[in-house]
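Here the structure comes first, spelled out in structure tokens, and everything after it is commentary.
Labels below follow one simple rule: chain letters A, B, ... track the order of the sequence lines, proteins then strands, and each chain is numbered from 1.
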Amino acid sequence: METSPLALAVASTIVGVLPKDVALSVEEVAGLLGPTPKPELGDLAFPCFRLAKALRKGPPQIAQQLAAQLAEAGGSGVVTEAIAAGPYLNLRVELGHAAALVAGPLAEGQPPPADAQSQRVMVEYSQPNTHKAFHVGHMRNLCLGDAIVRLLRADGYPVVAANYLGDVGAHIAKCLWWYLDVLDDAGRQPPDEARGEWLGELYSAASNQLDEWKDAADGGDEEARARLEAARARTTEILQKLEARDPELTEVWQRTRQWSLEEFDEIYRWCGVEFDRVFYESEVDEPGLAIVQEFLDRGVFVQSEGAVGIFNEEVKHMPFFMLRKRDGTGLYATKDLALARLKFEEHEIDRSIYVVDTRQSDHFRHVFLTLAKMGFPQAGQCEHVPYEMVELPSGPMATRKGNVILFRTLRERMTSHLIDSYLAKYRGQWPDEEIERTAHQVALGAIKFGMLARDVNQKIVFDMEAWLALEGDTGPYLQYGAARYASILRKAEAADKVLDPALPHDAARLHAAGAALTQLEERQLVLELAQLGPQVHRAAQDLRPSVLCTYLLGLAKAMNRFANAKHCHVLSSEGALLDGRLLLVQAALEGMRWGLGRLGIEAPARM
RNA sequence: GCGCGUGUAGCUCAGCUGGAUAGAGCGUCGGCCUCCGGAGCCGAAGGCCACAGGUUCGAAUCCUGUCACGCGCGCCA
């Protein structure tokens, strides 16, 4: 939904008095409507700049003229007042209509409607490597990809959520070298839990040792050089044996790989993330090399210094895109070609989105250019969604240097902090199970919102203490707004004040309920709520969950202002005013819940 | 060197399809629980929107250039 039903209703009133020589549709006028800088000025502003040329008049005169015409046409329902203010036409809406349009459907749990789209979209994200630890940096990608999937679905698109696990490559050879050759039988015994993380430690140890030997060897240490050479030979051997499906090594690979996969599954479960398809690098390894041979034979790819690749002159600073090394083995890029083909053919997708950090921008430019030259019609519909890295105050996260915060650490600290600082007081009052579940939901809300609220091209410097401070612009602030509203409704129900389920279907009562809302906080909340659909649509179209985050902060602010205002008290209201307030509270609660849901965040009933 | 990105309040960031006196959170200072949740609300102080040109009735926003910082740049992923 590009514009709200409220904006459309207002726009249609304006179009009714627009001079004939202005060819603006209701949708176009609705698109031009925006908020006023101050609520005293009006609810919506119509800028008249666009009309100046067609009418050959100054915008201020046009605004004057429109204001006069609207006044003459009388209270046409939704617009009650139109005041020219310079080049703007400021409009006051009638809350009976506005609330009926905006709050009526929401209160019944109907999210803003979206047009059904036929374009089938695949979103690939997460892509962690097995045999490595899952840290907070991986979390940004996971949250982004998941939110994009949810946003596109909310916007009407059929979406295939895809993961792509790195289960082959040099890092695995290093890990297995350490596991097989360096550890003894006792050392090879994995822990009962977090085995994937344990593998990550082995990888890290191996990597550090190799770096150490390399430094020493560069410094002239011959013994280190010998050890380094031997280790390198061994990791190469492991890699080759794995590629040759050596039974013994394949068994070790499968067993250890499984430890990582189980850990990822557990993390995804905790995060509430589900994939429709999981690809593995190991399944596109050989197909990738076959593609290289095929297109080398067809003359699309070329040989260069013994390697095979393609010259994409479009990428001026680095035209050669290597697809097969001199030794005949493939690269990351090789697999990406096979993966792309698999996506197109297996899932018949029309559009393919890759959520991968910004350092890979050149890589994906090459991949997409190459796919186009290979003749894939969907190549033009491939899109890289880049995002900046998560760093620590001490610098970029590096597993090898130990400068890393594991996701498990963040999760545990956030959860225990929530219980200790906020939820412990409910022990005995609430079921233990609810306390645990709430801690989980709020921890997830804090983490996901923290990862999503920042624009993708801003890097995130992760500071644990700052993340644990849950005041201000945070996920829990949004959840708090919802919990507070749920609490109002619970108390109202206890006082036998409930929203009549028939009210949203009774036009006269619905209008009366809305019209009874005369307070500024009520008006502002209705206007804010009207933006839910348009903002979700924009976030989906731009593939930017941060757009929705920003909007939801504004909604929560409006919700809390209403809840805090003594003169907007729900429980002490009666009649149409009570109906109106119950309607508004219910609508805002549902709207916030639904909006949070598009970010993959749940709103607990109390917290 | 080339490419991509960033530069807005003390700090972290919105705003960037051009439009009304540039907004928010944190921090600082000052208020608000005899009535729906203080994870909240209200107010104050705080800004040559990196710099210089240009386009325009109008520029934080578009164009050009400069500076600073980050990332990437053939046999890693």
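Between B:rA24 and A:K557, no contact under 4.0 Å exists linking OP1 or OP2 to a side-chain N or O. Not one side-chain nitrogen or oxygen of A:R561 sits closer than 4.0 Å to the OP1 or OP2 atom of B:rC41. Under 4.0 angstrom from either OP1 or OP2 of B:rC41 there lies at least one side-chain N or O belonging to A:Y477. Using a 4.0 Å cut-off, no side-chain N or O of A:R581 falls inside it from OP1 or OP2 of B:rC36. A sub-4.0 Å separation between OP1 or OP2 of B:rA14 and a side-chain N or O of A:Q458 is present. Taking 4.0 angstrom as the limit, A:R544 places none of its side-chain polar atoms (N or O) nearer than this to OP1 or OP2 of B:rC16. A:K132 has no side-chain polar atom (N or O) that falls below the 4.0 Å cut-off from OP1 or OP2 of B:rA77.
Distances were taken from every side-chain heavy atom of A:N129 (C-beta onward) to each of B:rC75, B:rA77, B:rA39; the shortest belongs to B:rA77. Closest to the A:D473 side chain, of the nucleotides B:rC75, B:rA24, B:rG38, is B:rA24. Comparing B:rA39, B:rC36, B:rU6 against the side chain of A:H569 picks out B:rC36 as the nearest. Checking B:rA20, B:rA39, B:rG72 against every side-chain atom of A:A45, the shortest atom distance belongs to B:rA20. In the set B:rG3, B:rA77, B:rA39, the nucleotide with an atom closest to the side chain of A:H317 is B:rG3.
Judged by centroid separation below 5.5 Å and plane tilt below 30°, A:Y480 does not stack onto the base of B:rG40.
Comparing A:E388 and A:G166, the nucleotide of RNA chain B nearest to each residue sits closer to the 5' end for A:E388.
Between A:L423 and A:T438 there is a side-chain heavy-atom pair separated by less than 4.5 Å.
You'll find the ring centres of A:F462 and A:W467 inside the 6.0 Å limit.
Taking syn as a glycosidic angle within 90° of 0, B:rC33 qualifies as syn.
Under the 4.0 Å criterion applied to side-chain N and carboxylate O atoms, A:R326 and A:E305 are not assigned as salt-bridge partners. Between A:R140 and A:E388 there is no salt bridge, since no side-chain nitrogen of the basic residue lies less than 4.0 Å from a carboxylate oxygen of the acidic one.
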